[in-house]
Structures are given as structure tokens and as C-alpha cells.
Amino acid sequence: MDPAVELAVARALLQRVSRGELPDTLRVSRPSRPVVVFGRRDTRQPGWSDAVRRAREAGFEPLVRAVGGRAVAYTQSALVIDAVVHAPDSAVGMDERFRVFGDLYADVLRDLGVDARVGSVPGEYCPGAQSVNARGVVKLVGTAQRVVRDAWLFSALVIVADEQVLRRVLAGVYESLDQPLDVAAVSSVTAEVPTLDLERVEGAILAAYAATGPLQPSELDASTLELAHRMAADHSA
């Protein structure tokens with residue numbers, strides 16, 4: 001799937017769930033190609049064009065997400081998890097969702113042998129108070145929310161491997177954007193526990209969701225894919 005379409009799928013799911021066209025949905029996906037996803041604020045920085053150039057030169061496709069935050073990068077050795085829930089009071093409980101989902105991912109990683117904790121670390125990319133880190137020094141999981149009328153989306157990006165590649169591309173991108181970054185804070189799950197892989201991490205995440213609620217992964221239907229294709233142009237850098 002085209003990376004811009006992949007990024008748009010979460011928005012398409014959110015729109016359709018908010019309208020009652022789909023049930024609550026859990027989507028776990030693996031990126032098809034390396035990408036750098038910029039926040040809208042990044043596009044207004046003086047070094048924006050240079051950051052896009054450096055991403056492309058590193059072999060990463062530059063994209064822009066619809067909401068805030070700063071640049072993130074990932075390869076095929078990552079997992080993107082989107083939980084989309086219909087809720088008439090969708091704006092209520094954002095802090096609680098950050099806490100609950102942050103704890104879920106930290107618990108999963110601890111069960112896999114990672115010294116995982118919830119909280120930001122000094123110098124991390126796309127800083128967030130509810131990031132999941134290892135040992136209090138390296139970021140492994142970034143989380144974000146988007147709320148619309150009658151639905152909310154909670155997304156998580158789990159970096160499973162390729163931390164050395166990510167350090168190089170993020171160093172260039174953040175330098176161009178004149179944003180602080182400590183490349184030593186960029187890491188991965190397998191850097192912490194080398195015996196892990198995508199399959200084990202994905203299986204553990206799916207098991208955690210199955211144990212805590214009714215959200216279940218489902219195949220994308222044609223209508224959602226069609227909507228995502230129409231939305232994809234919004235994410236081009």
C-alpha cells in the first residue's frame with residue numbers, strides 16, 4: 001500500500017466510525033516503506049524544505065500528518081496500532097486514555113523483558129508525556145490521540161528495530177528544523193531485548209487488547225480504502 005494511503009487509513013476509519021458506518025475498530029499494521037511523518041508545525045519552520053530533502057536522501061518518504069506533534073520516522077520494522085471508538089462524549093477522558101493505553105504498552109513490553117516505563121525522556125523526538133520508554137533513557141513507543149464528533153482515535157507507534165537508521169535520518173531532519181534532539185534517546189524494542197521480533201511484539205499487543213476489551217482487528221473494507229485514497233493527497237509533503 002502507498003505510504004500516504006497507509007497514513008490516511010486511520011483518518012478514514014475515524015470518520016466512518018464517527019458516522020456509525022463501522023463498529024469500533026482496532027488496526028495493527030506494518031509500514032510498507034520507510035517514512036518520515038512531519039507535524040503541521042514542522043511545515044511552517046524555515047528549514048522545512050531542507051528537512052524534506054534530507055528525508056528523501058536518506059531513503060525515507062516524507063509525509064505530513066493531519067494533527068500536531070513533531071517529526072517521527074519509522075521503517076518496516078515498526079508497528080502502527082490504531083484504536084478507533086464511537087463515543088458521543090469523545091472529548092471527555094483524553095487524559096485517562098493516555099494513561100490507560102500508556103500503561104497497556106508498558107505492561108506488554110515489560111512482559112517481553114523490557115524495562116519499560118511511561119514518560120518522556122530527555123531529548124526524545126516528538127516529545128510526549130505519555131511516551132513509553134526503556135530504563136527512563138530511550139523512547140520506544142509514541143502515542144497520540146485525535147478526537148472528532150462522536151469518535152476518538154488512539155494511535156501508537158512501536159519501534160521494533162532499525163534504531164541506527166532512524167537515528168541518522170532524525171538527526172538530519174531535526175537539525176534542518178532547528179529542533180532539539182538527542183539521537184541517543186532513539187532506540188527500539190530489539191535493542192533492549194535482541195531475541196524479540198515483529199511477530200512476538202505484535203502477538204503480545206493483540207493479546208493485551210483481547211484481554212482488556214471488545215476491540216478486535218478487522219480487515220479493511222473497500223469503502224474505507226476508497227476514502228483513504230481520497231484523503232492521501234492531504235499527507236503529501
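Sequential numbering from 1 along the given sequence is applied to the chain's residues. These numbers come from the heavy atoms of this one structure, side chains and all, not from hydrogens, waters or symmetry mates. Given the structure is predicted, the values throughout are model-derived calculations rather than measurements.
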- Message: Once salt bridge (Lys or Arg N to Asp or Glu O under 4.0 Å) is applied, do any residues pair with Asp115, and if so which ones, sequence neighbours excluded?
- Response: Arg117
- Message: Between Glu163 and Arg167, does any NZ, NE, NH1 or NH2 come within less than 4.0 Å of an OD or OE carboxylate oxygen?
- Response: no
- Task: Could I get the full list of salt bridge (Lys or Arg N to Asp or Glu O under 4.0 Å) partners for Asp197, not counting sequence neighbours?
- Result: none
- How would you list, by chain and number, every residue that makes a side-chain contact (heavy atoms from CB on, under 4.5 Å) with Arg44, sequence neighbours excluded? Arg40, Arg41
- Would Tyr74 and Val37 satisfy side-chain contact (heavy atoms from CB on, under 4.5 Å), going step by step from the backbone distance to the final call? CA-CA 9 Å; Tyr74 48 90; Val37 182; 3.6 Å; yes
- Item | Side-chain touch His229/Val5, heavy atoms, less than 4.5 angstrom | yes
- Task: State which residues pass ring pair (Phe, Tyr, Trp, His ring centres under 6.0 Å) with Phe38; sequence neighbours excluded, sorted by chain then number.
- Result: Trp48
- Message: Is there a path of hydrophobic side-chain contacts, each under 4.5 Å between heavy atoms, that joins Val141 and Leu79?
- Response: yes
- Item | Nearest non-hydrogen partners of Ala228 and Ala12, listed with the distance | N-CB, 3.9 Å
- Query: Which pairs with one or both residues in residues 171-188 pass salt bridge (charged side-chain N to carboxylate O under 4.0 Å, His left out), sequence neighbours excluded?
  - Reply: Arg54-Glu175
- Query: Just one of Val189, Leu140, Leu166 clears the side-chain contact (heavy atoms from CB on, under 4.5 Å) bar with Ile159, so which one?
  - Reply: Leu166
- Task: With side-chain contact (heavy atoms from CB on, under 4.5 Å) as the test, would you mind laying out the steps for Val137 and Val121 before giving the verdict?
- Result: CA-CA 6 Å; Val137 294; Val121 299; 5.5 Å; no
- Message: With salt bridge (charged side-chain N to carboxylate O under 4.0 Å, His left out) as the rule and sequence neighbours excluded, what pairs involving residues 94-105 come up?
- Response: Glu96-Arg99, Arg99-Asp103
- Query: How close do Pro122 and Gly136 get, heavy atom to heavy atom, and via which atoms?
  - Reply: CD-O, 4.4 Å
- Message: Distance check, rounded to the nearest 0.5 Å: Asp2 atom CG versus Ser236 atom OG?
- Response: 8.0 Å
- Task: Let me see the working for Ile81 and Tyr105 under side-chain contact (heavy atoms from CB on, under 4.5 Å), right down to the final yes or no.
- Result: CA-CA 11 Å; Ile81 303 98; Tyr105 286 101; 3.2 Å; yes
- Separation between CZ (Arg11) and CG (Leu227), nearest 0.5 Å, reads 8.0 Å
- Task: Applying salt bridge (Lys or Arg N to Asp or Glu O under 4.0 Å), name anything that partners Glu219, two or more places apart in sequence or on another chain.
- Result: none
- Item | side-chain hydrogen bond (donor to acceptor under 3.5 Å, both in side chains) pairs, two or more places apart, involving residues 128-137 | Glu124-Ser131, Ser131-Lys139, Arg135-Glu192
- Message: Using the side-chain hydrogen bond (donor to acceptor under 3.5 Å, both in side chains) criterion, which residues pair with Arg168? Sequence neighbours excluded.
- Response: none
- Message: Looking at every non-hydrogen atom in both residues, tell me the closest pair between Val72 and Cys126 and how far apart they are.
- Response: CG1-CB, 3.6 Å
- Search all heavy atoms of Val80 against all heavy atoms of Pro31 and return the closest pair with its distance. CG2-CG, 4.4 Å
- Query: What pairs of residues pass the salt bridge (charged side-chain N to carboxylate O under 4.0 Å, His left out) test when at least one of them lies in residues 59-82, not counting sequence neighbours?
  - Reply: Arg33-Glu61, Asp42-Arg70
- After noting the C-alpha distance and the side-chain angles of Leu220 and Leu13, does the key distance pass the side-chain contact (heavy atoms from CB on, under 4.5 Å) rule? CA-CA 9 Å; Leu220 292 175; Leu13 287 171; 4.2 Å; yes
- Item | Student check: side-chain heavy atoms of Arg149 and Ser18 closer than 4.5 Å | no
- Quick one: do Val28 and Val84 end up in the same hydrophobic cluster if we chain Ile, Leu, Val, Met, Phe, Trp and Tyr together by side-chain heavy atoms under 4.5 Å apart? no
- Query: If only atom types and distance count, is the side chain of Ser77 paired as donor or acceptor with the main-chain N or O of Val160 below 3.5 Å?
  - Reply: no
- Are Glu6 and Ser32 close enough, and set up right, to give a side chain to side chain donor-acceptor pair (under 3.5 Å), and what steps lead you there? CA-CA 8 Å; Glu6 290 176 341; Ser32 61; 3.0 Å; yes
- Task: Rounded to the nearest 0.5 Å, what's the gap from CG on Leu104 to OG1 on Thr143? Could you check?
- Result: 11.5 Å
- Query: Considering residues at least two apart in sequence or located in another chain, which fulfil the ring pair (Phe, Tyr, Trp, His ring centres under 6.0 Å) criterion with Phe154?
  - Reply: Phe98, Phe101
- Message: In the structure I gave you, are the side-chain heavy atoms of Leu206 and Pro217 within less than 4.5 Å of one another anywhere?
- Response: yes
- Message: If you compare all heavy atoms of Val52 against all heavy atoms of Pro62, which two are closest, and at what distance to 0.1 Å?
- Response: CG1-CG, 3.7 Å
- Item | Side chain to side chain, Val183 and Tyr174, heavy atoms closer than 4.5 Å | no
- Here the gap from Gln179 atom CD to Gln45 atom CD, rounded to the nearest 0.5 Å, amounts to 5.0 Å
- Nearest 0.5 Å please: distance from the CD1 atom of Ile205 over to the CG atom of Asp107. 12.0 Å
- Query: Quick one: does His235's side chain have a donor or acceptor within less than 3.5 Å of a partner on Val64's backbone?
  - Reply: yes
- Task: Nearest 0.5 Å please: distance from the CG atom of Asp221 over to the CD atom of Glu226.
- Result: 10.0 Å
- Message: Under 4.5 Å between side-chain heavy atoms, counting indirect links through other Ile/Leu/Val/Met/Phe/Trp/Tyr residues: same cluster for Leu26 and Val132 or not?
- Response: yes
- Has the side chain of Arg16 got a donor or acceptor atom that lies under 3.5 Å from a matching backbone atom of Leu22? no
- Task: Considering non-hydrogen atoms only, spot the tightest contact between Asp50 and Ser176 and give its length.
- Result: OD2-OG, 2.6 Å
- Message: Are Val193 and Leu109 connected into the same hydrophobic cluster when the rule is that any two of I, L, V, M, F, W, Y join if their side-chain heavy atoms are below 4.5 Å apart?
- Response: yes
- Quick one: salt bridge (Lys or Arg N to Asp or Glu O under 4.0 Å) partners of Glu202, sequence neighbours excluded? Arg30
- Under a 4.5 Å side-chain heavy-atom rule over Ile, Leu, Val, Met, Phe, Trp and Tyr, are Val147 and Leu153 clustered together? no
